[in-house]
Each structure stands twice: as structure tokens, then as C-alpha cells.
Amino acid sequence: MLRTHTCGELRAEHAGSTVTLCGWIQNRRDHGGLCFLDVRDRYGVTQVVVEPDADAAARGEAQRARLEWVVRVSGTVRARPAGSRNEDRATGAVEVVADAFDVLNAAEPVPVAVTGAERSSEDLELKYRYLMFRRAELRDALLRRARVNHAVREHMVSRGFCEVETPSLLKSTPEGARDFVVPSRVHPGQFYALLQSPQLLKQLLMIGGMDRYWQIVRCFRDEDLRGDRQPEFTQLDVEMSFGAESDVQDVAESLVHRLLREVAGADVPRPFPHVSWADAMSRYGSDKPDLRFGLEIADVTEIAARSAFAVFRDVVAAGGVVRAIAVPAKHAMTRKDLDALPAVVVDRGLKGVAWTKIASPDWTGPAGKHFAPELRETLRSALGAEEGGTILFVAGPKEQAVPASGDVRLHLGNLFGLRDPKVFAPVWIDRFPLFDWNADENRWDSAHHPFTAPVEEDIPLLDSDPGKVRAKAYDLAMNGLEILGGSIRIHDPALQRKVFTLIGLSDEQVEARFSWFVEALRYGTPPHGGFAMGMDRIVAVLGGTSAIRDVIAFPKTTSATDLMTGAPSPVEERQLRELGIRLA
RNA sequence: GGGGGCGUAGCUCAAUUGGUUAGAGUACCGGACUGUCGAUCCGGUGGUUGCGGGUUCGAGUCCCGUCGCCCUCGCCA
């Protein structure tokens, strides 16, 4: 190696030893006779000092070196004089007195901010992604991600799971997310789809008797993006045979618990709480609630209907709901805070957020005066609201008001600073509905995916009331993000066929799309289930962010482009000809 | 596909109601300086105000279109 030590490892006890460091110039402070240079590598930053009596060549090179140049420095480690130690830096007790100073490579001025509190615009940071690896934030995220990967591997292996790789090129299925499609040269006019998820493949591994499978796998979905969604993303995929929901959850929960402890240094008590999907929607207005704070939502439709408030009465008369959040007195809300609330719900098609302050002698605000004194008492005790607090109301059709109330709750969490990125609140959400009603197509859709098993006691409802059937499905939410999701799968061919029928798939359609899978179910399928965990999201949330872009080495933009390479881009006419493709 | 925000020097930002030659910090270049760690001090180079059109005596500023990034609704079994 060109170096004896990294820039992160020298301490007071190294004083007196002769060392050689390699790294990038992070900062230089040139006093003329005396020159300080901070040299950085992945491991840290070390101060190099070039003194007036140093070798002339070394002095010249040190004077010439500029920010982000690559250098090699040899010298003696020295404890810094008292009063000039840098307490903010691990190597701050020492400095390297340079004997030799070589420029290994000069650098042009970098086009993005590589050091300091100032950040460049996000598109520049994406274009010059490789320079961002020099920043602590991204470097630490990638290191954290590597630790997560390592812990996952150790955990799965120690529990007897077998790592199996599956293909990325496979058959397109029209359900679910849009496929990324790959043309076949050997079969002109025919296409592969890039893997959306190894769901069916891992089930086949169970049918084949592999018993316990895991894999960290890249998945591709051609849908519009968000901060927590990339066109390609990484999943931990797990499946096991002969286990109940609790067995699968134990594998997942112990893993997440371990990651929280080893990677985030957080000791979260087990078992993690369980909340049914119905309760989560009702109390938090979300199927991935942030449980770092309370501010639970209550349904006050009945009480609001008895008020004199025309807005509420009209909503209730139209079959809508009124939801309320009691904000304790300690979270005082200014008029400005209250005026900002309508913007939170306008995206859901609601007009505003009514409010009242529980003051004495009178309740103030637009909603309060419409409640008679006895009704106020009813409302107040229903919400457990306290004197001096504020009650916020979200009213509208259930499909809009429920998620809107969840949005308001999250907004309040941000407003009151209750979403501490160092706090972790995992929660299991279970008992999802098996189906959602698809009004456009007049049929049921699978809420999770069509291979999810129903709760046994609900199986009779498949014929009478499919909307009431609950699924053996479970998600783990943490800090408002869905971290992982899974289910027990259907292993009975007859039941599988029935579910296909309910979601409007004819025998012919099933045959055309899934015959290879449905046939497999007939050859001795063990009861099985599993889960998939979003690796990008777990690494993000462990680091206190929700933008998975921040934990992916080379991410794409929200329009699925790669600003560094310029993908996607046109291809040569010759390539198209070879594939039998003509552009419209 | 819909809604919103942003786009000015290499980088981060400023520029009054539409009004002089578009400024500052930093980087870079030159000079001074022996204990700095955002070093300091002096001087300098650096601009198609994203792009195109329009209104106006005059546009960074107003209008229309377009491109890019970010947020969001739909979408994501």
C-alpha cells in the first residue's frame, strides 16, 4: 500500500511514529511559513502541518496543492500543542509533521459542494454522484447499508435460511405494476419483463421443498416515483414452509430488532405492538402509522351530526364522516398554524379543517359555537380533550376524510417536532382486507396480491361477502414508512382458483398468465408464507431519512432518468433492427 | 396525466413598484502572513439571469410556451 495508516486512525498514542497517509485535500490554511492541510479519506480527516524548515520540495508541493487534489504525505505523528487540539475530530489530538509531500493527482475545481454545511442543488449532486461519495452523509449511508446487508446475511443464515438467486428476466404478467420490458433478439417481437418481485419464484422454491429461502434482490417497477420509490429498488425476500403468521413475523421482527440495535443503536422493546388494519385507519388515518407520537384520531360523526354546524350536518347527511384530533394544551396552536391546515387536506379534495379552542367561558373558533353546552361535554369526554387545548375536525366522504385526517396528524407531528429521527416506533399492521372493491371495473381487486391466504374463519365469506374477508397479511411500519410486508400464501389449488375468479380472472386468463404456477400448486404444496423488506427504506429510516435516494449509490430522478449517464437514451438503428423493433 | 415550488458567476445566494455597468460569500488566479482548523489580509479573472417567444422607452423582475429538478394527488397486486 502507498500508505501506512488511514486518515481516521491516528491518536495520541501514535505520537512519535513515522507514518504515510494518502487522501484528498479537504482544506488548507496557508500561513506562509507554516501550512496546515486537512487530508481526508473514507475513514476520516487528519491534519498535516508543513513547517518552515521542511524539505523545500515538500513545501513547494504543499503550497501548490488545492482542494480535492490527491496527495501522499509522509512524516512524524506529533501530539498537538495544548490549546490547539480539535475536539470535533477523532484525530484532533495529533497532527502529521510532513517530511515528504507528493501530489498524486491534481484536480479541477469540483462542480459541487463536497465539504461543509452548504449543499449543492439535487440535480447537480445526482450528475456528480461520485463526488458526493466524498461527503460524510452519503459515505456514511453507504457504510450503514453495508452493515445492514451484513447483519441480514448473518441473521438469515443463522436461522437456517438458504440463499437462492432467481432470474431478473422473466415472463410479463399484466397485473400489478407496469413492467419494464426487455426485447428478445432471438425471438423478434417477443419480450421479457424485468422482475417486479420474486413472489411466485419463491413459492415454487417452497413447493420444491427448499423449506427456508432468502435473497437480497433487485426489483423493477415502471411506475411514477416518489422520495421513497425508485424504478429499481432492493428487497430482502424471504419465504418459509410450515410456519404460521407468528413464525414468519418472528423472523422479521428479530431481524429488524437486531438492525435497530446494531446499526441505529436503538433498543426497542419486543414484541413490537400489533394494530389491525381497521384500527390503524381509524386511529391514525394510515396503514403505515407513525407511532412516535400520539395525537390519535377519533370518529365524532355521531356527535357532529347533532351539532348546529351546517358543514358537518351536510357531510353526515351525504354519508360522510367527521374525524377529530384533540390537541393538548401544551401544543399551543397559533392562528397561523390553524390557517396552514387547509393546505394539508386540499390534496384530498377537502375544503378545510374546522377547529375550536376549548377556552372558558366560551369555545372559540369556527366550529365551537355550533355545539350546544351538553354536546360540548359529550365531545370533550369522547376525545379526552383538555381545557386550553384545540380540537381539529376533518369532515368529508370516508375515502377522503380518513386519509386526510392522517395527513393532518402527520402535519401536527412535524409542527410540534414529535418526529425525532433518533426514535424508532415499529408496529405490525395486520388483518388487512383480502380485497378492495374496484368500482371502475365492477369487480374485486386483491388488496395485497392474489396469492395471499384468507383468515380461515372468513373463508365462507368468499361466497357471501368478499369485502369482509380478512387476509393473513401483515406489514411492519416504522416511523410512517412501510418497511416490510408479507403474508401466508394460498397452498390449495381450489382456493387459489376461487380467488382468481373473484378478482375477475377467467380460467383462460389464469391459464395464459399463471399456468406454470397454478400447475405447480397441484404437486404437493406445503403451507408457506414469507415477507419482503424494502432494503432502501430500512437503511433510510435507520439513518433518519425517508428519501431512499439518500441511501442508493446511483439513484434516478423522479422522472426515472439517470443524470450522471444520461439514461434512458435512444439506441442505434442497428440495435433496433436486430431486435425487430421499429419506432412509431 | 393533474396540482404546487424552484431555476441568476464553477458552487451557495442577493438584486426595492419593471429603471444606471446584475452584486456578495466561496472556489479559482496573483500577492502577504509561524499555530490554523469556515484561517486572516490585499488584488484579480469569472454572467446567453434554464431555453424560446411576447408586452414595454426599458425585463433577472410581468405574460405565454418549453425543459430540468423536488414535493404532492392519481398510480405503485
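Proteins get letters first, then strands, A, B, ... in listed order; numbering begins at 1 in each.
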- Task: Ignoring backbone atoms, establish whether A/Thr115 has a side-chain N or O less than 4.0 Å from OP1 or OP2 of B/A27.
- Result: no
Mate of [N] where both pairing distances stay under 3.5 Å, Watson-Crick or G-U:
| N | result |
| --- | --- |
| B/C41 | B/G31 |
| B/G25 | B/C11 |
| B/C6 | B/G68 |

Could you please name the option among [options] that lies closest to any side-chain atom of [X]?
| X | options | answer |
| --- | --- | --- |
| A/Leu67 | B/C28, B/C69, B/C11 | B/C28 |
| A/Glu223 | B/C76, B/U34, B/G35 | B/C76 |
| A/Asp224 | B/C75, B/G30, B/G35 | B/C75 |
| A/Thr557 | B/C69, B/U36, B/C76 | B/C69 |
| A/Leu34 | B/U34, B/G30, B/C37 | B/U34 |
| A/Arg229 | B/C11, B/C75, B/C69 | B/C75 |
| A/Gln47 | B/C70, B/C37, B/C73 | B/C37 |

- Message: Pairing donors with acceptors under 3.5 angstrom, does anything connect the side chains of A/Ser172 and A/Asp179?
- Response: yes
- Task: Step by step, work out the side chain to side chain donor-acceptor pair (under 3.5 Å) result for A/Arg29 and A/Gln47.
- Result: CA-CA 10 Å; A/Arg29 296 172 295 279; A/Gln47 173 166 293; 3.0 Å; yes
- Task: For side chain to side chain donor-acceptor pair (under 3.5 Å), just list the numbers for A/Thr166 and A/Gln215, CA-CA rounded to whole Å, side-chain angles, deciding distance to a tenth of an Å, and then say yes or no.
- Result: CA-CA 9 Å; A/Thr166 56; A/Gln215 171 184 204; 3.1 Å; yes
- Query: When the distance from CZ of A/Arg119 to C1' of B/U26 is rounded to whole Å, what number comes out?
  - Reply: 17 Å
Output side-chain donor-acceptor pairs under 3.5 Å for residues 561-568 of chain A, partner residues at least two apart or in another chain, one line each.
from	atom 1	to	atom 2	distance (Å)
A/Thr561	OG1	A/Thr557	OG1	2.8
A/Asp562	OD1	A/Met564	N	2.8
A/Asp562	OD1	A/Thr565	N	3.3
A/Asp562	OD2	A/Thr565	OG1	2.9
A/Thr565	OG1	A/Ala567	N	3.3

